[in-house]
Amino acid sequence: MAKGCDHPVGCHTGDVPTLASATVGARLWLLIEHDGPWASHLENCELPEEIAELVRRASERGIRPQLIRRPGRRTRRRDQHIRVLVGYAAGRNPWLASGVIAGPDDLDLDAVLAGVVPESCILEDEPVFLVCTHAKRNACCARIGLPLARRLAEVLPDRVWETSHVGGDRYAANLVCLPHGIFYGSMSQAAAIAAANAYRSGEVILDRFRGRAGIPEPLQAAEHFARAHTGELSVGGVAVESSRSDGDVTEAIVRCGDVRFQVVIEPSVFQTPCGTACAETITTYRLVSLDRLTPVRYATPALT
């Protein structure tokens, strides 16, 4: 365990399972460029009035606000305008758009709620990658996230941002791929580069894959097990069509390409390998059953 790290052994090496741990409440995103400083919690940050108002308006609408900054040395912006990115990660056709605005009234967040690109923004044609480096929230995010963000930015210039807390400190370094809201955790620099390149090609990598944000954790787990069973890695190739729960057990109908599966999962406990030193258990999920569903075939009426 590194100095200053209070996470259980194995959290930053991939030995602790990360599946089904993506942030549940994030289908809509507002990224606001602000060099900092960042307090431990976003609501406690001493932000310029215009940025604080953007954060407030986004939160009221259920849009997840994130502060972002470019990796590397901090330089104070002289331009008083605000750079923003808005993301719509709901449904099968997510999008990401960017703009430079003078103030909160120049950004139509109600349009984002409706799945429409605000007039002050233009669509991005390349994905964006966020690396959590929120040191005041947890030291490990800076210790592991900062060098990862800088390395990833060398490989993908202008597509990488440091960001405030995204959830899951124990999985630092955390990587978020937008617009789909794909989360990875416990990433090494090499793993992050591989995951980013896969996403740019329209695929995910299951190693250290946390799931897709905005989806309940049991359904993230169902999608994960369906991917692992079929080898389907395309970002949009797997989706939960329906689900029901009975106590802790969740049954989901998952589409993988043209095939549908009934996936049954239940919570499980992972005991960290550090004994009484940290005495922490981590909730994950166990596959109960996975069965391919037979397509319903309808008889063709006889011609008379």
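Everything quoted here is computed from the prediction, not taken from an experiment.
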Near [X] [atom1], under 6.0 Å, is it more than 12 heavy atoms from other residues, nucleotides or ligands?
X	atom1	result
I122	CD1	no
E241	CD	yes
D291	CG	yes
E119	CD	no
E60	CD	yes
N93	CG	no
R200	CZ	no

Under 3.5 Å: donor-acceptor pair, side chain of [X], backbone of [Y]:
X	Y	answer
H12	A172	yes
T163	L67	yes
R64	L28	no
N174	G168	yes
R292	R260	no
D108	A111	yes
T23	A26	no
R83	H34	no
S201	N197	yes
S98	L85	no

Query raised in the report: In terms of the angle between their ring planes, are H180 and Y199 parallel, tilted or perpendicular, with boundaries placed at 30° and 60°?
Result: perpendicular

Query raised in the report: Taking the six-membered ring for Trp, are W38 and H134 parallel (under 30°), tilted (30 to 60°) or perpendicular (over 60°)?
Result: perpendicular

Query raised in the report: Going through the distances and angles, do R170 and N138 end up as a side-chain hydrogen bond (donor to acceptor under 3.5 Å, both in side chains)?
Result: CA-CA 9 Å; R170 68 160 63 95; N138 192 281; over 6 Å; no

Query raised in the report: Ion pair present between R227 and E232, side-chain N to carboxylate O less than 4.0 angstrom?
Result: no

Requested in this report: Look at R69 together with E33 and state whether they make a salt bridge at an N to O cut-off of under 4.0 Å.
Outcome: no

Requested in this report: Determine, step by step, whether Y171 and S186 satisfy the side chain to side chain contact (heavy atoms under 4.5 Å, CB included) criterion, reporting the C-alpha distance in whole Å, the side-chain angles of both residues, the deciding distance to 0.1 Å, and the verdict.
Outcome: CA-CA 5 Å; Y171 301 124; S186 304; 4.0 Å; yes

Query raised in the report: Can you tell which of T250, V288, L287 makes a side-chain contact (heavy atoms from CB on, under 4.5 Å) with V264?
Result: V288

Report summary line: Test side-chain contact (heavy atoms from CB on, under 4.5 Å), reference E162, set L148, I68, L146, V131, output is L146

Query raised in the report: Can you find a side-chain donor-acceptor pair between R210 and S21 that sits under 3.5 Å?
Result: yes

Report summary line: In terms of heavy-atom contacts, V112 and G87 come closest through CG1-O, 4.3 Å

